[in-house]
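What follows is a set of notes on a single structure, which appears directly below.
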Amino acid sequence: MKHQIVIEIFSEGLKKLAVSDLSLLQFETPNNPEHGDLSTNIAMKLAKQLKKKPLDIANELIQILSFDSRQIHSIKAINPGFINIKFTKQYFLDCFKELAQKGTEIGRLNIGKNKKVNIEFLSANPTGLLHLGHGRNAAIGDTIANILQWCGYQVTREYYFNNAGNQMNNLAKSIYARHRQLLGEQDFPFPEDGYFGDYIKDIAQNIIEKHKDRFKENTAENLNEIRKIGEKYCFDKIIATSKHLGVHHDVYFNEDSLYSSGETQDTIKALKEKGLIYEKDGASWLSYTKLGMKEDRVIIKSSGEPTYRLPDIAYHLNKLKRGFDIIIDVLGSDHIASAPDVIRAVEALAYDSSKIKILFYQFVTLTEAGEQVKMSKRSGKSYTLDELLEEVGADVVRFFLLMRASTTHLEFDLALAKEQSEKNPVFYLQYAHARICSILANAQEKGMEIDSKPDYSNLQTKEELALIKEILNFEDKIELAASKLETNIVTEYLRNLAALFHQFYHNCRIIDADAQLFQARINLALTTKNILFNGLKILGISAPEKM
RNA sequence: GCGCCAGUAGCUCAGUUGGACAGAGCAUCAGCCUUCUAAGCUGAGGGCCACAGGUUCGAAUCCUGUCUGGCGUACCA
């Protein structure tokens with residue numbers, strides 16, 4: 001809650017103290033409830049400037065504040081200079097009443113003001129199947145997109161891929177080798193740095209079933225056909241897995257289009273015009289030292305092929321030219337070092353790099369009963385994302401991937417994920433939702449009508465009030481999640497909300513309360529349900545009505 | 001070596017951008033179902049916030065150094 005009235009009261013008071021700079025004025029919710037509902041440290045911050053003791057300033061300030069005692073119960077100054085504000089119960093009830101009226105639209109914001117956001121995530125090349133690391137990328141990207149949409153941004157979800165180059169040739173060679181092996185030459189050599197996963201054998205098997213030995217000859221043409229088949233197989237699987245995880249993209253952007261459109265050429269040209277390109281050892285170098293960085297980097301290899309930097313820079317220019325106000329890249333921590341290469345180059349070409357935000361996430365480790373499970377693509381002994389989704393379900397996978405801050409390593413506990421019981425945190429939220437649905441169904445069955453404008457002053461218990469206060473925080477939490485691009489703010493909030501609901505449920509009867517109280521409580525439950533539903537929807541997790 | 005991220009209860013993690021006695025889940029122990037879903041609730045124990053300095057009214061949070069783990073340090077992407 002923004003508590004606008006408090007800001008106004010204090011702004012007035014500070015003016016009377018001849019303090020004009022209001023930027024220091026901040027409020028926070030104390031973690032100790034004895035310190036009230038809201039507190040400010042403004043007196044401490046003004047101490048130096050006014051050359052007075054903080055507590056004296058605080059006392060002076062609260063003397064001249066004027067406020068409505070129907071809304072504010074008390075404003076007190078306390079050692080060493082905090083000012084604590086306590087609202088009346090009526091104030092919270094009024095705020096709640098207003099918020100509850102939003103119904104199923106509760107929590108929706110318009111801070112985005114239709115600004116255009118491009119969020120690029122997943123972006124796995126079609127050389128293999130997705131694993132848990134991709135899952136974290138996809139879950140974060142999709143959920144951040146949901147949050148921003150919910151906040152009124154116009155969001156485009158983009159997938160950037162490369163279906164040319166070394167990696168793809170490697171895929172083709174790997175499939176080719178397996179297919180020769182399957183055709184009877186068991187000792188046909190497998191490329192040393194090839195893809196060892198079982199899916200390569202599946203692709204080879206498919207080829208033989210469909211085409212027999214048509215591609216047996218080791219020709220460039222056949223290898224190209226095999227490459228195409230492999231690419232399609234991988235892409236189909238990737239998209240199917242994404243869908244299973246509840247993830248979709250609006251735009252699939254092929255790196256190759258940057259070459260055919262001439263954008264990579266334009267980029268090189270522009271960099272040359274800025275005097276940032278020079279030749280050395282047969283390669284073209286980008287002079288990052290001129291841009292304040294430590295080392296220059298190759299941008300076109302001596303073979304004539306560009307390094308990843310060129311298309312990456314061109315791609316970001318492309319996104320900027322498409323008119324997005326905010327461009328978000330969701331990247332694994334292994335890209336941290338190379339990201340500035342793109343940013344600096346974009347700046348050098350006089351584009352606004354502040355529009356680009358890079359969301360890095362740390363790696364995922366998969367553990368089972370304390371033991372780490374390998375999931376590398378190369379070893380072949382990997383746990384694919386698909387297998388995981390099959391085994392524990394999309395809701396659990398998504399929740400586990402979203403419940404940690406992106407800056408921390410995520411430990412995915414397979415044993416806990418498999419647990420279909422109260423130990424599993426995702427069920428806790430869903431259970432609260434299902435419980436409320438059940439109460440609503442019972443009330444309906446008994447023919448009880450719900451009055452959407454009840455008298456909330458019937459709500460008296462501490463459980464009711466605690467639940468109401470947390471409900472009032474929903475919009476702030478969504479806004480915070482949107483500004484920090486962190487999904488765990490939402491999961492944490494919903495967990496806490498669910499806990500407060502369960503406590504309310506245990507201490508306050510709803511259906512057998514008397515008529516007035518029933519109306520107030522059923523509306524409180526209904527509003528909680530709306531938030532749980534919207535929150536879970538933002539997370540891309542189902543909100544079951546029965547469990 | 002250098003850069004980035006992390007180090008908080010036995011385990012997994014929060015910690016409101018510097019606030020007032022450091023929180024939650026799991027695990028452990030003790031309670032609560034003839035009443036709207038017990039996938040729930042109540043209570044207990046468990047901490048030198050890696051370590052050492054510094055900045056200030058005030059530090060888990062900011063600065064410096066040390067230690068530990070992860071990632072990176074390409075004419076791979």
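Remember, it's a predicted structure, so these values are computed and weren't measured experimentally. The sequence lines fix the lettering, A, B, ..., with proteins before strands; numbering per chain opens at 1.
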Quick note, Gln167(A) side chain, CB onward, closest among rC75(B), rU37(B), rC76(B) is rC76(B)
What's touching nucleotides 6-11 of chain B from the protein side, N or O pairs under 3.5 Å?
none

Testing rC71(B), rA77(B), rA14(B) for proximity to the side chain of Asp334(A), the answer is rC71(B)
Item to complete: Kindly indicate whether the side chain of Ser303(A) and the base of rC75(B) share any N or O donor-acceptor pair separated by less than 3.5 Å?
Response: no
Which whole number of Å gives the distance between the C1' atom of rA50(B) and that of rG70(B)? 16 Å
Between the protein and nucleotides 16-18 of chain B, which nitrogen or oxygen pairs come in under 3.5 angstrom?
residue	atom	partner	partner atom	Å
rU16(B)	N3	Thr29(A)	O	3.2
rU16(B)	O4	Asn31(A)	ND2	3.4

Each base of RNA chain B marked ( ) or [ ] if paired in-strand (Watson-Crick or G-U under 3.5 Å), | if paired to another strand and . if unpaired gives (((((((..((((.....[...)))).(((((.......))))).....(((((..]....))))))))))))....
Those residues at least two apart in sequence (or on a different chain) that pass side chain to side chain contact (heavy atoms under 4.5 Å, CB included) with Lys462(A) are none
- Query: Is the distance from OP1 or OP2 of rA38(B) to the nearest side-chain N or O of Arg435(A) less than 4.0 Å?
  - Reply: yes
Against the side chain of Gln503(A), the closest entry in rU37(B), rU42(B), rC71(B) is rU42(B)
Among the nucleotides rA20(B), rA38(B), rC57(B), whichever has the atom closest to the side chain of Lys48(A) is rC57(B)
Polar side-chain contact Ser39(A)-rA20(B) base: donor and acceptor under 3.5 Å: yes
Can you check whether Ser438(A) has a side-chain N or O nearer than 4.0 Å to OP1 or OP2 of rU37(B)? yes
In short, ring-ring contact (aromatic ring centres under 6.0 Å, His included) pairs touching residues 393-419 of chain A with sequence neighbours left out are Phe400(A)-Phe412(A)
Using the six-membered ring for Trp and the full ring for Phe, Tyr or His, decide whether Phe363(A) stacks on the six-membered base ring of rG70(B) (centres under 5.5 Å, planes under 30°). no
The glycosidic conformation of rC11(B), counting syn as within 90° of 0 and anti otherwise, is anti
Assign each of Ile511(A) and Asp312(A) the nucleotide of RNA chain B bearing its closest heavy atom; nearer the 5' end lies the nucleotide of Ile511(A)
Of the candidates rC5(B), rC75(B), rA14(B), the side chain of Gln362(A) sits closest to rC5(B)
Closest of rA20(B), rA77(B), rC75(B) to the Asn162(A) side chain is rA77(B)
Quiz item: Any Lys/Arg nitrogen of Asp37(A) or Lys469(A) sitting under 4.0 Å from an Asp/Glu carboxylate oxygen of the other?
Solution: yes
Picking from rU37(B), rA74(B), rC2(B), the nucleotide nearest the side-chain atoms of Lys294(A) would be rC2(B)
The nucleotide from rC75(B), rU37(B), rC76(B) with an atom nearest the side chain of Asn442(A) is rU37(B)
From the candidates rA74(B), rA14(B), rA38(B), the one with an atom nearest any side-chain atom of Tyr505(A) is rA38(B)
Anything under 3.5 Å between a protein N or O and an N or O of nucleotides 24-30 of chain B, put it in a table, one pair a line.
residue	atom	partner	partner atom	Å
rA24(B)	O2'	Arg495(A)	NH2	3.1

